[in-house]
Colleague: 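Would you mind keeping the following structure in view while I ask a few things?
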Amino acid sequence: MRLKALTTSLVTFATGFILTAGLAWADGATVAQDLSRYKEESVPGGKLMLIAYMVLWGLVGAYAIRTALRQSRTERDLAALQDRLDHFAGSATPAGAPKAEK
Amino acid sequence: MTETPSKLPLRLLTGLGLGTLLCIAALGWVFFVAPADENLGIVQKIFYFHVGSAFGMLLCLCAASASALIDLMAPNETIDAAGQACTEVGMIFALGVLTSGPLWARKSWGTWWTWEPRLTLTLLVLLIAIAVLVLRSMAAEAQTGRRIGNALAVLAAPVAYLIHIAVQKWGGTHPQVIQGGGIQSSDMRIAFWGSVVALLTLGFSLVALRLRGILLEQHMVRLRLDLSALELQRARNGE
């Protein structure tokens, strides 16, 4: 693993963790919050619900499509690789090298 | 050489199709049959899929954690792949929970976010899942990334347990709808459990789909190594 990349990701994760814990602690996360200070304005619930459903299904749908596309690309690459391997194995199989299977 | 993963994704397609159909049916029930909440109004309908996503997140991340622990003790590529697939799907569910939750909170609490125990822990478990996936994808040496990622993934299960007990243990503002018997009518109960079953079916199918993809990728890596060995041997023989 590239040391710089590893260090960067660990530092990012640790910073996120400490920041989250710190903010939570500062805001008194272990006790019930007084929410009365927020309830002053009227919010359109229908819009919020619509956005929630769109985001949720967008996430699931995008993940499913991305996974399926990635998998079909892998299958294509795998078939090409298997053909190449069969071609090589047919012409010469070295000692110790694994034999290609269909 | 290992066998190519099954080229018969019929069961997988059936699972995905069933999950999708169940989700459509659940959505239909949520919007056209289940009544709106008396106090919160239409925004309460977020609850059905918000809680379903939370169940999916907890199950996937606990499974990922168990797989990581098993793989650390006795390395096994299939178990590792299953853990990776569970982490990815768990992360998607966690993103869904942390998006739909604040939208609901805006209406019912009057604020997008409050640092209360359950919300904070859910954010932490999402951070863990992201960190695991980033570490694994950045690993030039796959085995090192796998070990570090698995060590981190083990933490997800205790955090998931803390999320489950957070409200009873530390209080906070998060409602206890199910334990508190807050579902008012039988139509609401059907909408709720229907959404949970539908999302879990879809989630399980997504894990299976991703697992198949990871196994195919692992197989491709092995084939590339075989091909390199053959090419090297051929070059040495001067062919």
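In what follows, chains are A, B, ... by sequence order, proteins preceding strands, each numbered from 1.
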Colleague: Tell me, do B/Cys23 and A/Trp57 make a side-chain contact under 4.5 Å, heavy atoms counted?
Modeller: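 SC-SC contact between B/Cys23 and A/Trp57 confirmed.
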Colleague: Rounded to the nearest 0.5 Å, what separation is found between the CZ atom of B/Phe31 and the CE atom of A/Met49?
Modeller: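 So the gap between those two atoms works out to 4.0 Å.
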Colleague: How close do A/Leu56 and B/Gly96 get, counting heavy atoms only, and between which atoms?
Modeller: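 Nearest pair, atom of A/Leu56 first, then B/Gly96: CD1-CA, 3.5 Å.
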Colleague: Working to the nearest 0.5 angstrom, can you tell me the gap between A/Arg73 CZ and B/Leu216 CG?
Modeller: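 Spacing of CZ (A/Arg73) from CG (B/Leu216) equals 12.5 Å.
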Colleague: CZ of B/Phe204: more than 12 outside heavy atoms within 6.0 angstrom?
Modeller: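 No - once you tally the heavy atoms of other residues, nucleotides and ligands closer than 6.0 Å, there are 12 at most.
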Colleague: Distance-only, no hydrogens or angles: does the A/Tyr63 side chain make a donor-acceptor pair with backbone N or O of B/Glu88 under 3.5 Å?
Modeller: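 Here the side-chain-to-backbone pair does not exist.
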Colleague: Excluding sequence neighbours, so at least two apart, what forms salt bridge (charged side-chain N to carboxylate O under 4.0 Å, His left out) with B/Arg224?
Modeller: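 In terms of salt bridge (charged side-chain N to carboxylate O under 4.0 Å, His left out), with neighbours along the sequence ignored, B/Arg224 is linked to no residue.
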Colleague: Sort B/Ile214 into side chain, backbone, both or neither according to what part of it lies under 4.5 angstrom from a heavy atom of chain A.
Modeller: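 Answer is neither: B/Ile214 stays 4.5 Å or more from chain A.
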Colleague: For B/Val30, is it the side chain, the backbone, both or neither that has a heavy atom under 4.5 Å from a heavy atom of chain A?
Modeller: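 For B/Val30, the side chain is the part near chain A, not the backbone.
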Colleague: Please look at A/Val55 and chain B and tell me whether the side chain, the backbone, both or neither of the residue comes under 4.5 angstrom of a heavy atom of that chain.
Modeller: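 Contact with chain B is through the side chain of A/Val55 alone.
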Colleague: Restricting to salt bridge (charged side-chain N to carboxylate O under 4.0 Å, His left out), what partner residues turn up for B/Glu217, sequence neighbours left out?
Modeller: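 Scan of B/Glu217 (salt bridge (charged side-chain N to carboxylate O under 4.0 Å, His left out), adjacent residues dropped) gives A/Arg70, B/Arg210.
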Colleague: Rounded to the nearest 0.5 Å, what separates atom CD in B/Glu231 from atom CG in A/Leu85?
Modeller: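 Interatomic distance, B/Glu231 CD to A/Leu85 CG, rounded to 0.5 Å: 9.5 Å.
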Colleague: Please find the pair of heavy atoms, one from B/Leu223 and one from A/Leu78, that lie closest to each other, and give the distance.
Modeller: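 Heavy atoms only, the tightest pair is CD1-CD1, 3.6 Å.
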Colleague: Heavy-atom distance under 4.5 Å to chain A: side chain of B/Leu152, backbone, both or neither?
Modeller: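 The side chain, not the backbone.
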Colleague: Distance check, rounded to the nearest 0.5 Å: A/His87 atom NE2 versus B/Leu230 atom CG?
Modeller: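 Spacing of NE2 (A/His87) from CG (B/Leu230) equals 11.0 Å.
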Colleague: Test A/Tyr53 against B/Leu27 for side-chain contact (heavy atoms from CB on, under 4.5 Å), laying out the working first.
Modeller: CA-CA 10 Å; A/Tyr53 274 90; B/Leu27 279 171; 3.5 Å; yes
Colleague: Kindly compute the distance separating CG (B/Leu211) from CD (A/Gln71), expressed to the nearest 0.5 Å.
Modeller: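 Taking CG in B/Leu211 and CD in A/Gln71, the distance rounds to 9.5 Å.
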Colleague: Measure B/Leu225 against the heavy atoms of chain A and call it side chain, backbone, both or neither at under 4.5 Å.
Modeller: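 Contact with chain A involves no heavy atom of B/Leu225 at all.
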Colleague: If we define contacts as heavy-atom pairs under 4.5 Å, which of B/Val134, B/Leu209, B/Leu206 has the most with chain A?
Modeller: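 The answer is B/Leu209.
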Colleague: Taking every heavy-atom pair that is under 4.5 Å apart, which of A/Leu81, A/Asp77, A/Ile51 has the most such pairs with chain B?
Modeller: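 Sorted descending by pairs with chain B, the first entry is A/Leu81.
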Colleague: Below 4.5 Å from any heavy atom of chain A, which atoms of B/Leu16 appear? Answer side chain, backbone, both or neither.
Modeller: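 Contact with chain A is absent: no heavy atom of B/Leu16 under 4.5 Å.
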Colleague: What part of B/Leu123 is in contact with chain A, defined as an atom under 4.5 angstrom from a non-hydrogen atom: side chain, backbone, both or neither?
Modeller: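 Looking at B/Leu123, just its side chain touches chain A.
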Colleague: A/Val60 versus B/Ile92: any side-chain heavy-atom pair under 4.5 Å?
Modeller: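 With C-beta onward as the side chain, the pair touches.
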